[in-house]
Amino acid sequence: MVVEYEGYLIEQSEDEPEAFVYKGNRRVMHLGLSRFLDAEELIAAFAECLRISGSHREDGRYDHGDYMYDGEEPC
């Protein structure tokens, strides 16, 4: 399943309870989930990760700070 949220694409694996998040054709986050989620739950889980990480600013703009996943190290 793939859902869109504020310019992000969130792709939940069909085989494992995990999801990958993309922005601008680049993977920016991996979510290890405890179970498969429906679309609303998946968006809520991702939004909570953004809130916790501080990557999503109150004004709705993305902060390209230290929290950006570069594909080399686990986030």
Side-chain angles (χ1 to χ4, degrees):
M1 166 180 35
V2 177
V3 294
E4 186 174 351
Y5 173 73
E6 295 189 5
Y8 294 91
L9 290 179
I10 310 164
E11 179 180 25
Q12 184 172 219
S13 171
E14 295 179 9
D15 303 319
E16 300 289 329
E18 63 183 0
F20 296 98
V21 182
Y22 300 89
K23 178 141 182 137
N25 295 321
R26 183 172 179 207
R27 187 184 324 172
V28 295
M29 188 180 289
H30 170 259
L31 302 174
L33 306 170
S34 59
R35 63 183 176 83
F36 291 98
L37 305 177
D38 65 29
E40 289 181 11
E41 292 172 319
L42 190 57
I43 289 170
F46 173 61
E48 181 68 5
C49 287
L50 284 179
R51 187 192 68 74
I52 290 169
S53 72
S55 294
H56 194 259
R57 296 173 25 169
E58 290 290 321
D59 61 9
R61 292 182 290 161
Y62 183 77
D63 178 9
H64 293 280
D66 295 332
Y67 298 102
M68 185 68 151
Y69 177 64
D70 63 7
E72 298 297 322
E73 299 178 18
C75 55

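Any value given below was found using the heavy atoms of this structure, including those in side chains, with hydrogens, waters and symmetry copies removed. Not measured: the values here are computed from a predicted model. Nothing fancy with the numbering, it's 1 onward along the sequence.
- A search for salt bridge (charged side-chain N to carboxylate O under 4.0 Å, His left out) contacts involving E48 returns R51, not counting sequence neighbours.
- Note on Y5: it clusters hydrophobically with V21, by side-chain heavy-atom contacts below 4.5 Å among ILVMFWY residues.
- A single hydrophobic cluster is not seen to contain both I43 and L9; linkage of ILVMFWY side chains at heavy-atom distances under 4.5 Å, directly or through other members, places them apart.
- When all heavy atoms are compared, the tightest approach of S34 to P17 is C-CB, 4.3 Å.
- Within the 4.5 Å cutoff, no side-chain heavy atoms of L50 are placed close to those of E6.
- Between the CG atom in L42 and the CD atom in E11 there is a gap of 10.5 Å [rounded to 0.5 Å].
- One finds the CZ atom of F46 at 12.0 Å from the CG atom of L33 (value rounded to the nearest 0.5 Å).
- With sequence neighbours excluded, no residue satisfies salt bridge (charged side-chain N to carboxylate O under 4.0 Å, His left out) with E18.
- A39 meets the side-chain contact (heavy atoms from CB on, under 4.5 Å) test with M1, V3; sequence neighbours excluded.
- Shown here are the ring pair (Phe, Tyr, Trp, His ring centres under 6.0 Å) partners of F20, two or more places apart in sequence or in another chain: H30.
- Closest non-hydrogen pair, F36 versus E16, comes out as CE2-O, 3.3 Å.
- Residues satisfying the side chain to side chain donor-acceptor pair (under 3.5 Å) test with E4, not counting sequence neighbours, are none.
- For E41, the side chain to side chain donor-acceptor pair (under 3.5 Å) partners two or more places apart in sequence, or in a different chain, are R35.
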